[in-house]
There are 2 protein chains.
Amino acid sequence: MELSSYISVDCVIFGYDGEKLNVLLVKRTLSEESNHLNFEPDWTLTGNHVYQDETIETAANRILFEITGLSDIFLEQFKTFADPQRLLKPKDQNWLKSIGRNPAIRVATIGFFALVATQKVALKWMGREVKWVPVKEVGTLGFDHNQILEEALIAIRQKMKHEPIGFELLPSKFTLTQLQNVYEQIFDAELDKRNFRRKVSRMKYVIPLNEKQKGVPHKPARLYMFSREVFDITNQELFDFIV
Amino acid sequence: MELSSYISVDCVIFGYDGEKLNVLLVKRTLSEESNHLNFEPDWTLTGNHVYQDETIETAANRILFEITGLSDIFLEQFKTFADPQRLLKPKDQNWLKSIGRNPAIRVATIGFFALVATQKVALKWMGREVKWVPVKEVGTLGFDHNQILEEALIAIRQKMKHEPIGFELLPSKFTLTQLQNVYEQIFDAELDKRNFRRKVSRMKYVIPLNEKQKGVPHKPARLYMFSREVFDITNQELFDFIV
DNA sequence: GCAAAAGTGTTTCTCATACACCCATGT
DNA sequence: ACATGGGTGTATGAGAAACACTTTTGC
């Protein structure tokens, strides 16, 4: 059995709240009976072991559903972390023991990223403490999760340049300013409003609605929707989302 | 131990021979003593299990070295295949048994792709039969390796659009026609010679040498080299390699 | 009426695309 | 001399970038 490993998935759940890009973290604590280890709770990405006979995609969706109550979230595998040294810190070893794992066995984890509009997620208590944290304010995480988060950011930036996934972070009806802000946040760059709008107007799958914002203390903006159908049809002309 | 898995890596080794894009395959046979299973040999990608205390990158490099005799090859992880059903075909189950594995345990494999100029590889006999096959002529492979090859192709196309990795498939000195041909092969498209050369002339890291082809029965072409140093310095202006 | 964000046009420059002929070498 | 691939220039159109003012609403 010496060649075998545990397999887990870690989901980097990105959420956009209209202002900043956030990531969903869960508090890592030990069970009651392991408390003699005086384990200082800390925060980690959302992850879990893959069940017997379960695909990694199913496992990732399961985690997402358990934590956000949502299914059909945009989710994609981006990298696997399998360094035999990755969970050798005493804290991680203690944690592994506390959940009944053999801490000498490697844990290979497949990293997924997920995109969601934070308003869609009701963070109710599901047995674990959970919070949104702005990506730029994330401190030191448990396990090797800072590294996984970094790689996830690289992956979504790369992906976002060439595929229309910014919409996944917005409600189904959104304004162009909100869309622009998503790109500005993720690329950490400022975009020109007129140029951005001209570019979007060329994307036939961003569809203007006959509907406006309500209750805002300024000129209400027109709402738009994203049509994946139209995109799939017209995507021969693969737009660049490069900023 | 029911939650554990084997971990392997599979390397999709792409080679360019001046004409076509090829992939390196190895013949899958059983050891002498397992021959009662009358196992029909077939072809697979190059892969292997990851040793205890070995990183997956080290394992991939080890496989590459064992098969090609080369180190410092361009190599990158692109996707993990971990479906519990992936090796349930009787042939794969027999093969697993023949190498002493428990066929009921899942094998998760991390796919890497490698790029190399075929001239650099001397295919000597290293205990296994090995051959280059043009990507378009690959037949049915063992395991789920047709799927892994497909995904590898998608990954290198994607990567090649935005990073200067086409050079990895060429000798260190190459002509512009060779470079153009690499892109044409991989994207399965024809490019305009003049436009291609104008585009390349803007890439300061493709450096013209004062050296020409010799012994060709036509006007000898100027040779060029790729400088990763220059690229790393000037890569703020991230060129698109889109065709 | 004022604060706040929405919305809109023009100019300039770079790059993509399309296209046809002469050049240097080996045989 | 001829076959073979090497090498070059121009015109057109699309999109990127830079930039400032008017409009509509809630209060």
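The chains referred to below are lettered A, B, ... by the order of the sequence lines, with proteins before strands, and numbering in each begins at 1.
The nearest whole Å value for the distance from the CD atom in A:E211 to the C1' atom in C:dA6 is 17 Å. The CD-P distance, from B:E190 to C:dC19, rounds to 13 Å in whole Å. Residue A:N181 contributes atom CG, which lies 17 Å from atom P of C:dA4 at whole-angstrom precision. Rounded to an integer number of Å, the gap from A:Q213 CD to D:dT25 P is 12 Å. Remark: C1' of C:dT8 and CZ of A:F196 are 16 Å apart, rounded to the nearest angstrom. When rounded to the nearest whole Å, the span between CG of A:L179 and C1' of C:dA6 equals 15 Å. The distance from atom CG of A:L191 to atom C1' of D:dA18 is 14 Å, rounded to the nearest whole Å. To the nearest angstrom, P of C:dA5 lies 10 Å from NZ of A:K193.
Contact between the side-chain N/O atoms of A:R202 and the OP1/OP2 oxygens of D:dA16 is found at a separation under 4.0 Å. Residue A:K199 places at least one side-chain N or O closer than 4.0 Å to OP1 or OP2 of D:dA16. For A:R194 and D:dC19, the shortest distance from a side-chain N or O to OP1 or OP2 is not below 4.0 Å. The side chain of A:R198 places no N or O atom within less than 4.0 Å of a non-bridging phosphate oxygen (OP1 or OP2) of D:dA16.
When each of A:D192 and A:K219 is assigned the nucleotide of DNA chain C with its nearest heavy atom, A:K219 is the one assigned upstream, toward the 5' end. In terms of position along DNA chain C, the nucleotide closest to A:Q178 lies nearer the 5' end than the nucleotide closest to the other residue of the pair A:Q178 and B:H218. Nearer the 5' end of DNA chain D, as judged by each residue's closest nucleotide, is the contact made by B:P220, out of A:N195 and B:P220. Map B:Y224 and B:P217 each onto its nearest nucleotide of DNA chain D; the residue landing nearer the 5' end is B:P217.
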Residues 133-142 of chain A, side-chain donor-acceptor partners within the protein, below 3.5 Å, at least two apart:
{"from": "A:K136", "atom 1": "NZ", "to": "A:D188", "atom 2": "OD1", "distance (Å)": "3.3"}
{"from": "A:E137", "atom 1": "OE2", "to": "A:K20", "atom 2": "NZ", "distance (Å)": "3.0"}

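A:F78 pairs in a side-chain contact (heavy atoms from CB on, under 4.5 Å) with only one of the listed residues (A:I148, A:I154, A:L153), which is A:I148. Residue B:H162 forms a side-chain hydrogen bond (donor to acceptor under 3.5 Å, both in side chains) with just one option from A:Q158, A:H162, A:K161, and that option is A:H162. Screening A:K120, A:R228, A:K159 against A:E168 for a salt bridge (Lys or Arg N to Asp or Glu O under 4.0 Å) leaves a single residue, A:R228.
The residue B:T177 sits close only to the backbone: its heavy atoms come under 4.0 Å of sugar-phosphate atoms, none of a base.
Side-chain rings of A:F167 and A:F174 approach one another, their centers coming within less than 6.0 Å.
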